[in-house]
Amino acid sequence: MFDWEDREQAEYSRSTHISFVELTKRSYLTASGTAPKRTVDPTFFAKAAAVTKLAQLISEGPKAGIEVPGFKDYRPYPVQAVWHGDDFKIWLKQPLFINETIYNQAVNQASLSELVNFEQLSEGTEMQTSFSGAVTATQVDGLQEEAKEVGYQLVDSGSHREVYLDGLPLTDDKQVLVRIPIDATGKRPPLAAVN
């Protein structure tokens with residue numbers, strides 16, 4: 001069975017040390033909304049639950065009656081969200097062999113309470129570190145300041161990504177990988193992962 005945590009450790013780092021990743025275009029299940037209470041907001045939680053439910057169904061493939069050419073058993077990827085103020089977009093990565101046809105089969109089988117989309121998206125080059133529990137504005141600001149201090153340009157200072165490595169709902173002991181997008185056209189960072 002393919003397990004992202006074993007096979008892609010650098011991309012899904014649990015370290016508090018800064019690392020850099022460059023993540024190219026991949027397939028994602030997505031959902032968007034506004035959540036003033038962040039990860040405990042009912043809107044966020046409902047959309048995250050719908051995306052997770054669909055990802056789990058797709059990961060069952062033939063066992064769930066979904067035809068997936070070249071199917072291999074895998075553990076579903078973790079939920080991540082790009083935050084811009086109170087607005088969020090949930091991304092949940094799909095393996096390379098999952099396409100829109102397979103997504104449509106799963107959507108037709110699932111009874112989802114929220115709209116879940118299928119998109120091809122690229123994260124680009126990001127600086128990342130891990131925190132425990134809910135992410136604060138102070139932590140994100142600190143990471144952005146550190147990026148600037150070592151000579152990196154921020155792509156969008158109002159935006160950051162949170163990858164919920166231990167799942168939702170968050171508790172103080174669950175790890176969250178925080179990523180901020182940087183412009184790598186000037187100063188190229190040492191990349192821990194390219195995927």
Side-chain angles (χ1 to χ4, degrees), residues 4 8 10-14 18-55 76-95 98 103 112 114-148 152-170 174-185 189 191-195:
W4 54 269
E8 298 174 352
E11 183 175 338
Y12 296 97
S13 174
R14 290 179 174 272
I18 300 294
S19 63
F20 299 88
V21 294
E22 187 174 300
L23 304 172
T24 58
K25 190 177 281 189
R26 301 293 297 267
S27 298
Y28 291 87
L29 301 178
T30 64
S32 300
T34 302
K37 296 180 182 175
R38 308 276 301 170
T39 56
V40 296
D41 194 290
T43 298
F44 175 80
F45 202 76
K47 290 182 183 285
V51 170
T52 301
K53 179 180 178 179
L54 188 60
Y77 284 90
V79 169
Q80 56 183 297
V82 175
W83 289 94
H84 197 284
D86 293 338
D87 296 329
F88 67 86
K89 182 170 186 173
I90 292 170
W91 299 27
L92 199 153
K93 188 164 85 170
Q94 297 298 288
I98 303 300
Y103 153 81
L112 300 174
E114 302 286 338
L115 175 65
V116 176
N117 299 303
F118 184 87
E119 297 184 67
Q120 296 284 315
L121 300 167
S122 172
E123 291 186 42
T125 305
E126 295 170 313
M127 182 173 166
Q128 66 180 16
T129 189
S130 182
F131 297 104
S132 292
V135 177
T136 67
T138 302
Q139 290 169 321
V140 173
D141 291 346
L143 186 58
Q144 290 178 337
E145 282 306 310
E146 190 166 345
K148 289 188 261 186
Y152 295 108
Q153 295 280 77
L154 300 178
V155 172
D156 180 356
S157 61
S159 174
H160 74 281
R161 179 181 310 275
E162 298 178 8
V163 184
Y164 307 106
L165 297 173
D166 295 322
L168 294 167
L170 282 181
K174 288 188 175 180
Q175 282 192 293
V176 179
L177 182 63
V178 176
R179 295 178 179 156
I180 57 169
I182 60 170
D183 182 349
T185 55
L191 297 173
V194 178
N195 192 353

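As the structure is a computational prediction, the values presented were derived from the model and not from experiment. Count residues from 1 along the sequence.
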ask   = Taking all non-hydrogen atoms of both residues, which atom of Val51 and which atom of Ala31 are closest, and how far apart?
value = CG2-CB, 3.8 Å
inquiry  = As an exercise, state the distance from OG1 of Thr30 to CZ of Phe88, rounded to the nearest 0.5 Å.
reply    = 11.0 Å
query = Step by step, would you call Trp83 with Val140 a side-chain contact (heavy atoms from CB on, under 4.5 Å)?
reply = CA-CA 11 Å; Trp83 289 94; Val140 173; over 6 Å; no
message = Looking at every heavy atom in both Ala10 and Ala193, which two are closest together, and how far apart are they?
response = CB-CB, 4.0 Å
ask   = Under 4.5 Å between any side-chain heavy atoms of Leu143 and Ile18, yes or no?
value = yes
query = In this structure, are over 12 heavy atoms from other groups packed under 6.0 Å from Glu119 atom CD?
reply = yes
key: Trace of the side-chain contact (heavy atoms from CB on, under 4.5 Å) decision for Glu162 with Arg38   = CA-CA 11 Å; Glu162 298 178 8; Arg38 308 276 301 170; 2.6 Å; yes
task = Please determine if Arg179 forms a cation-pi arrangement with Phe131, meaning its NZ or CZ atom is less than 6.0 Å from the six-membered ring centre and no more than 45° off the ring axis.
result = no
remark   = For His84 and Ser159, the nearest pair of non-hydrogen atoms, with its separation, is CD2-CB, 3.8 Å
Heavy-atom check, side chain of Met127 versus side chain of Pro189, under 4.5 Å = no
query = CG of Leu23 to OG1 of Thr125: how many Å apart, nearest 0.5 Å?
reply = 8.0 Å
Shortest non-hydrogen contact from Asp87 toward Thr34 = OD1-OG1, 2.7 Å
Test log, rule side-chain contact (heavy atoms from CB on, under 4.5 Å), inputs Glu22 and Phe20 = CA-CA 7 Å; Glu22 187 174 300; Phe20 299 88; over 6 Å; no
message = What I'd like to find out is whether the side chain of Leu168 reaches to under 4.5 Å of the side chain of Phe44, using heavy atoms alone.
response = yes
query = Any donor and acceptor pair, going by atom type alone, linking the side chain of Lys47 with main-chain N or O of Ser32 inside 3.5 Å?
reply = yes
task = Before giving the answer on side-chain contact (heavy atoms from CB on, under 4.5 Å), spell out for Val163 and Trp91 the whole-Å C-alpha distance, their side-chain angles and the decisive distance to 0.1 Å.
result = CA-CA 9 Å; Val163 184; Trp91 299 27; over 6 Å; no
inquiry  = Students often mix this up, so state it plainly: with edges at 30° and 60°, are the rings of Tyr77 and Tyr12 parallel, tilted or perpendicular?
reply    = tilted
request  = Using modelled atom types only, decide if a donor and an acceptor are shared between the side chain of Ser27 and the backbone of Gln120 within a distance under 3.5 Å.
outcome  = no
query = Atom CD in Glu126, atom CD1 in Ile180: separation rounded to 0.5 Å?
reply = 9.0 Å
key: Lys148 (side chain) donor-acceptor with Leu154 (main chain) under 3.5 angstrom   = no
inquiry  = In the structure I gave you, are the side-chain heavy atoms of Asn195 and Glu8 within less than 4.5 Å of one another anywhere?
reply    = yes
ask   = Hey, is the main chain of Gln175 close enough, under 3.5 Å, to the side chain of Asp166 for a donor-acceptor pair?
value = yes
Shortest non-hydrogen separation from Leu165 to Ser13 and the atoms involved = CD1-O, 3.7 Å
query = So how far is it from Asp156 CG to Gln144 CD, rounded to the nearest 0.5 Å?
reply = 8.5 Å
query = Which atom names give the shortest non-hydrogen contact between Lys174 and Pro169, and what distance separates them?
reply = NZ-O, 2.8 Å
remark   = Rounding to 0.5 Å, atoms CD1 (Ile90) and CD (Glu114) come to a distance of 9.0 Å
message = Testing Glu11, Glu123, Gln80 one by one against Lys93 for a side chain to side chain donor-acceptor pair (under 3.5 Å), which residue passes?
response = Glu11
task = Supply the atom-to-atom distance Tyr28 OH to Leu92 CG, rounded to the nearest 0.5 angstrom.
result = 9.5 Å
